[in-house]
Protein chains: 2
Amino acid sequence: MAGDADWGNLGTQDWQAGRASQRKRAFLSTGLGVLASSETYSLPVSSSSWEPPVGTPFLSGPCTSSSEAQAMAETPSQSPKNPRVSGVTVQLEMKPLWEEFNQLGTEMIVTKAGRRMFPTFQVKILGMDTLADYALLMDFIPLDDKRYRYAFHSSAWLVAGKADPATPGRVHFHPDSPAKGAQWMRQIVSFDKLKLTNNLLDDNGHIILNSMHRYQPRFHVVFVDPRKDSERYAQENFKSFIFTETQFTAVTAYQNHRITQLKIASNPFAKGFRESDPDSWSTPSALSWGPTI
Amino acid sequence: MAGDADWGNLGTQDWQAGRASQRKRAFLSTGLGVLASSETYSLPVSSSSWEPPVGTPFLSGPCTSSSEAQAMAETPSQSPKNPRVSGVTVQLEMKPLWEEFNQLGTEMIVTKAGRRMFPTFQVKILGMDTLADYALLMDFIPLDDKRYRYAFHSSAWLVAGKADPATPGRVHFHPDSPAKGAQWMRQIVSFDKLKLTNNLLDDNGHIILNSMHRYQPRFHVVFVDPRKDSERYAQENFKSFIFTETQFTAVTAYQNHRITQLKIASNPFAKGFRESDPDSWSTPSALSWGPTI
DNA sequence: AGTTTGTCACCTAGGTGGCAAAGT
DNA sequence: ACTTTGCCACCTAGGTGACAAACT
C-alpha cells in the first residue's frame, strides 16, 4: 500500500512569501510553523535541519518507477506521529491519466503569469479525525540536481548539465485550509488553483520552478494543533504523501509531441486543438521514459 | 452615523438547510447557535423569542427613505455587546449605485436555479479585533406583509394583497467564514456567491424569497466565541447592520423598464444588451418611489 | 541552436436580459 | 390578466496550445 522510504523532511523553504491574491487567509499555528492559508506561501519548514535542496539526494529510492502503490507515505522513523494524522490515507484521483502521462514523461508548462497543472492534482482522503482541523498543502521537490534538454531527433531527454540555482521553495496551501476532517473527506480535494511559474520574482504566491528541471509534487496533511506550544509538536502533526506517477519536467514550451497530443486530447480547455475524433480519447501507446545518459 | 432603531432580533429562521454545494464548511459554535459556514444555511436563530416574520412590523420607522446614513446598526438595548463586535463599523460599497436603483425602486430577479443580486452587496469593515475569528452572514427580512403588483400604465407599484406564506428563513454565510478580523478588514468583502431563488424546495442553500414581495437585506457580524458555553453569549456576540438603500422587490421578470435599463447599463454581464453609448453610464433622473395605495 | 515571451483563436464555465410559451 | 418558465444570443472571465518573434 504505502512505501516506507524516508524522503527526508520538508525541504528547504524560505519565508519570503507573497501577498494573498485575495482569498481567505486564516492563520494556523501548526507544527510547520505559522501557516498562512490561501494561495501559495513560503514557510520556514518543520525540521531542525535546513537541507539545501540542490545537491541533496531527496530521492534515494527508485524514483521513476510508475508503480501501482496507492500512496507513497513518508514515514520518518525518528518521530512518532500524532494519531490525528497517523491514520490518514490518501488516494490519487485520475491515476490512470497520470500514469499515461508519466509513461510518456510528463511535462508541465511554466509561464511568467503562472500556469495550472494538467492533470490537476486531486486526492480523496480517508482516516481523518472528523472534528479536528487540518490544513492541506503541496510543495515540489527537485528530483535530481540536473538540467535537461530534449533531443527532438531521438525523442529523448538528455542531461544538459548541473541544475540551475534552486528557486525559492514555496508551498501552496489548499485555499479551503484550515477545515475540519469531515469537510476534507466529504469530496475530492482539488488543487486546481495551484499555478506554476518560472518567474523568480513572482509576486502572486505561485510555485516557482526552474524550466528544464524535473520535479516531484508532494502532498502534506497538517493537523492544526490547538495547543499553545504546538510548534514543539512539529514533527508529529503532519504526514506527507508522494505519488511518483505525478513527477514531471517543467518546460516553457512542450518538447515531446506525444505529451502535447495527450494534453489536447484530455484537457477540456484545449478542445480547440482537437482535429475531430471525439472518440480517440483513450490509450496512446505506452512508451518507456527515462533520461538517456 | 448609525441609527438606533431596534429592528427586533434575527427573525424567524428554520433549520432545514441544504447541503453545502461543495465548498468549505467549517463549523462554528457561536452565539447564533451552531453555524455552518459556506453557501447558505438556515439556522435556528439567536433570541429567546420566536417572531413570525409575516405580520410582524419589522420596520416601524421610515423604511423607504434612501438616506445618507453610513450604516444603520441595530442596537438592542436589552443586551450589552461583546467588545469584539461593539466597535465594528461597516461601510456599504457602491453606495451611489445602490441609491440610484433605490430611487427607481430596486428589483431583484429570483429564479428556480438561483440568481445573483445586482448590485452585489459589498462592504468595507472597520473596527474588528484583528486576531479574533468572525463569521459574516446575510439574511433577508420582509419589509411588510404585503404582496405587490406593478401597474405598467402608471409605472407604479400597487399593493395586491396580503403577503404569501413566509418562505423558509435562510441565512447566507460568506464562504470565507470563519476568518480573522485582519483578513476581513484587508479588503472589500463581497457577497457575490449569494443567490436568490423562488423555489421553496431549493436544495442548493440559496436564499428563498417570495416574488412580488419586498425585502430588506441584513448583514451580520458574528464573533466566534471560543468559550465552551458560547451559546449563552448569543446576544452579545453579534452585531447587525441594515442599509435601507439596499431594499428591493423580488420579481421573476423586471417590471419597471427603468430598472432594466439601469441594470443593463451598469452590470458588465448584461453588456450584450447595450445599444451603444458607452458614455451614458450615469445619472438617470430621480424618481420618487413608494407603494401607491 | 536552444529556450523564452507575447499574442492569438478557440475553448470552458457561467452571469445577463429578451422573448415566446406555459402556468395559474 | 398576470406571473412564471425555459431557452437563447450575447456577454465576462479565464484556461488551452500554436506560432512568430525575441532572447541568450
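Keep in mind that this is a model prediction, so the values were computed, not measured. A note on names: the letters A, B, ... follow the listed sequences, proteins ahead of strands, and every chain is numbered from 1.
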- Assess the pair A:Tyr148 and A:Tyr150: is the distance between their ring centroids shorter than 6.0 Å? no
- Item | Whichever of B:Phe269 and B:Thr252 has its nearest DNA chain D nucleotide further upstream toward 5' | B:Thr252
- Take A:Thr260 and B:Asn198, find for each the nucleotide of DNA chain D with the closest heavy atom, and name the residue whose nucleotide sits nearer the 5' end. B:Asn198
- Message: With a 4.0 Å limit, can you tell me whether A:Lys271 has a side-chain N or O closer than that to the phosphate oxygens OP1/OP2 of C:dT12?
- Response: yes
- Measure the distance from CD on A:Glu275 to P on D:dA18 and round it to the nearest whole Å. 10 Å
- Task: Could you tell me whether the side chains of B:Arg186 and B:Gln183 share a donor-acceptor contact shorter than 3.5 Å?
- Result: yes
- Message: I want to know whether A:His174 and A:Phe191 have ring centres closer than 6.0 Å.
- Response: yes
- Separation of D:dT16 atom C1' from A:Asp192 atom CG, nearest Å, is 15 Å
- Query: Tell me: CD1 of B:Ile109 to P of D:dT3, nearest whole Å?
  - Reply: 13 Å
- Message: Less than 4.0 angstrom between a side-chain N/O of B:Ser211 and OP1 or OP2 of D:dT3, yes or no?
- Response: no
- Rounded distance in Å - CE (B:Met117) to P (C:dT16): 12 Å
- For the pair made of CE in B:Met212 and C1' in D:dT4, what is the distance, rounded to whole Å? 11 Å
- Under 4.0 angstrom between A:Arg149 side-chain N/O and C:dG2 OP1 or OP2: yes
- Message: Can you tell me how far apart CD1 (A:Ile109) and CG (A:Leu209) are? Round to the nearest 0.5 Å.
- Response: 12.5 Å
- Query: Just checking B:Phe118: base, sugar-phosphate only, or nothing, at a heavy-atom cut-off of under 4.0 Å?
  - Reply: nothing
- Task: May I have the distance from A:Asn267 (atom CG) to C:dC11 (atom P), rounded to whole angstrom?
- Result: 14 Å
- Atom CZ of B:Arg274 and atom C1' of C:dT16 are separated, to the nearest Å, by 10 Å
- Check whether any side-chain N or O of A:Tyr254 sits under 4.0 Å from OP1 or OP2 of D:dG17, and answer yes or no. yes
- Task: State whether the distance check finds a donor on one side and an acceptor on the other, under 3.5 Å, for side chain B:Arg115 versus base C:dG17.
- Result: yes
- Query: Closest nucleotide of DNA chain C for B:Lys263 versus for A:Gln255: which of these residues is on the 5' side?
  - Reply: A:Gln255
- Atom pair distance, as rounded to whole Å: NE2 in B:His153 and P in D:dC2: 8 Å
- Task: Measure the acute angle between the ring planes of A:Phe121 and A:Phe219, then classify it against the limits of 30° and 60° as parallel, tilted or perpendicular.
- Result: tilted
